[in-house]
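Take a look at the structure set out below.
Convention: sequence-line order gives letters A, B, ...; per-chain numbering from 1. Quick note: numbers below take in every heavy atom, side chains included, and nothing from hydrogens, waters or symmetry partners.
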Amino acid sequence: MSKIRDYVPIVGESTIEELFLLAERLKGKIIQNINSTAVGGGVAEILIRMLPLLQDLGVNASWGVIKGDEKFFHITKKMHNALHGVDASIGRDELDYFIDVNRQNTQEIMADADILFIHDPQPIALVEQKDTLGRKWIWRCHIDFTNPKKDVWDFLKNYIERFDCAVFSAPAFSRPLAIRQVLISPSIDPLSEKNRELSDDLVNGICERFNIDRGRPVITQISRFDYLKDPVGVIRAYKMVKKHLDCQLVLAGGGATDDPEGMKVLEEVHREAENDPDIFVLFLPPGSDIEINALQRASDIVLQKSLREGFGLTVAEGLWKGKPVIASAVGGIPLQIAHKYSGILTHSIEGTAYWIKQLLNEPEYAAKLGVNGREHIKYNYLITRHIRDYLLLFLSLYEQKDIVSL
Amino acid sequence: MATTFRFLTRLNLVELLGRRAKNIPELLEGLRLVPGTSIYYHTHRFLQQHHYLSPEPPNDFAFWVTNSLGLDSLGERLASVDTVSFPTIRDLRTKYLEILEFYSQGHNARNGDCPEGQEFHFMSFRTFILPTPYEARDLKEFRDILQKVSINSIYFHIFDARLRLKKGKNDFSNWLEEMGETQLAREISRLDPYTITFEGLRRDLIQRVSRHVKNS
């Protein structure tokens, strides 16, 4: 596991010094993160990396996971889709079940935590305990909130406004609320297995294992098999390109324990792929980070053709590896890509196909996009910036002024 | 007796105000109502996020008007506001309001909504000021520290001190004047830090100070 000082060669000594200065001010405070899954998905991924670094800085941070059955996660999946704007009817009985499961999980709250940091809607109703327990409560929303369905929004808003503060990943998710709202973009870890430098031999070896030909262009989308990531749309874009240019498509991802829909999407993807030997549909088991890293590094173009997106960490991953990235202009993706400067933003299957052809035919321009993209990620979307924002967020709970001298 | 210069640093936490604009009248209304820190945020954000780029993108208002409303001429007017010449955020706000009000008088601005999803989102921030371990007692120490202090510290003393903390001048020039280095103080005051990358600014400061170290 990385130590905080391991990041000095990447972000510089002064950046790490500042983190220590902030952490010092949080001495004596206990912070507990609570979410609904220990593995899979962006939230668990970032917590696994971030907690040891916070602890290394001297911050007393811990992590609890609520427990739920299949029915609970089926309801929260529908809730997730509804927040993305997808029609999903959730009955009163289902909402009651959701609240019951939250109440059954109150024992997950640490007795001595000063700050409860609740991630996403699944454990949101734990905030009912605020009246009895006190403490500072933060709700961290990792989901695209651009067009939430009104009934689900109304249900959640009732809980959100009981928190001291809500945190969103992109400005478009902000809406009038009676509480403070903070913008904190997620981040990637440049030293994680998924993002660290890899030798060519290792990359080649992994490609050989999957029978991917490194002599021909490779286009890759890494994401879990989910309708909102539009893997079928990716295959259709690839088919348009394939009429004119020889290339291969890699669709690779895993599944999270709170995502029962994945298998159904995977079946549709196989059907759309029609046994094309140049389409590689890889359902990767948990812990395949090196494989994902190698597949991104072996790619000529990285795609993220999501229909909705929270932030889209795979975009940051692709950019950090210096790859030209073509991605949908949804959720937090426009924060990561300045169109035609640090990547390409598209709005359709046809647009995606058009830009794949452009970039495959203009490798110098594609390379320039990759270089600029990496710089942008280095300054704004690495884990050290994320840690800094969290430390400031925790400190801000105890301060009222706009300018605070620490 | 010579005074020491204590380098401070500052870190910002960005806040969302829950207010958005989809056309010029809504932008104007927001500009009138949001707190001064929001005006400061939107006129300094690109400096922060894209500080490795030159030329840097302009302020958020100009960027949005140009890219989301397609109003190139108005965008250019907003982009050309000479931030460094305004002593207070209130003056800066007044300037943007004047430009937008003038435009609104000649155009039916309400007809021009941006595409859905490209609304302007008003934001603000909280600033946390921290002491660094660095203290300079003379020009040579000052130059050596400039080489290693974080870019956030330089930003604080150059940008925040003058406009946000209402000191009227950057901290470096104030200290240099106290040290009797009036010429160097004037040189740094005259710089337009808005048209240079942060690392470029650091290099420029170090070069200027180095020249005076040699001459002293």
**Study point:** Residues, nucleotides or ligands: over 12 heavy atoms within 6.0 Å of B/R6 CZ
**Key:** yes
Check your understanding: Is atom CD of B/E135 surrounded by more than 12 heavy atoms (other residues, nucleotides or ligands) closer than 6.0 Å?
Key -> yes
Check your understanding: What distance separates B/H121 NE2 from A/F173 CZ, expressed to the nearest 0.5 Å?
Key -> 9.5 Å
Check your understanding: Taking B/R20 for the side chain and A/R175 for the main chain, is one N or O donor matched with an acceptor at less than 3.5 Å?
Key -> no
**Study point:** Region of B/P131 that comes under 4.5 Å of a non-hydrogen atom in chain A
**Key:** both
N/O donor to acceptor pairs below 3.5 angstrom from side-chain atoms of residues 398-406 of chain A, sequence neighbours left out:
none

Review point. When rounded to the nearest 0.5 angstrom, what distance separates OH in B/Y134 from OG in A/S14?
Key: 7.0 Å
Study note, to complete from the structure: So CG of B/L11 and CG of A/L21: to nearest 0.5 Å the spacing works out to 8.5 Å
Review point. To the nearest 0.5 Å, how far apart are CG in B/N12 and CG in A/L392?
Key: 8.0 Å
Review point. Is it the case that B/S150 and A/E18 place a side-chain donor and acceptor less than 3.5 Å from each other?
Key: yes
Exercise for review: May I ask you to test the A/L183-B/M123 pair for a side-chain heavy-atom distance under 4.5 Å?
Suggested key: yes
Review point. Taking the side chain as C-beta and beyond, is there a heavy-atom pair between A/R25 and B/L130 under 4.5 Å?
Key: yes
Practice item. Determine, step by step, whether B/E15 and A/R180 satisfy the salt bridge (charged side-chain N to carboxylate O under 4.0 Å, His left out) criterion, reporting the C-alpha distance in whole Å, the side-chain angles of both residues, the deciding distance to 0.1 Å, and the verdict. Key: CA-CA 8 Å; B/E15 298 195 337; A/R180 270 179 67 218; 2.8 Å; yes
Point to revise | Which atom of B/L13 lies closest to which atom of A/V182, heavy atoms considered | key: CD1-CG1, 3.7 Å
Review point. Are the side chains of B/F122 and A/P171 in touch, meaning some heavy atoms are under 4.5 Å apart?
Key: no
Point to revise | B/L8, part contacting chain A, at a heavy-atom distance under 4.5 Å | key: neither
Exercise for review: Drop me the distance from B/S153's OG to A/E17's CD, to the nearest 0.5 angstrom.
Suggested key: 10.5 Å
Review point. Side chain, backbone, both or neither: which part of A/L391 has a non-hydrogen atom closer than 4.5 Å to chain B?
Key: neither
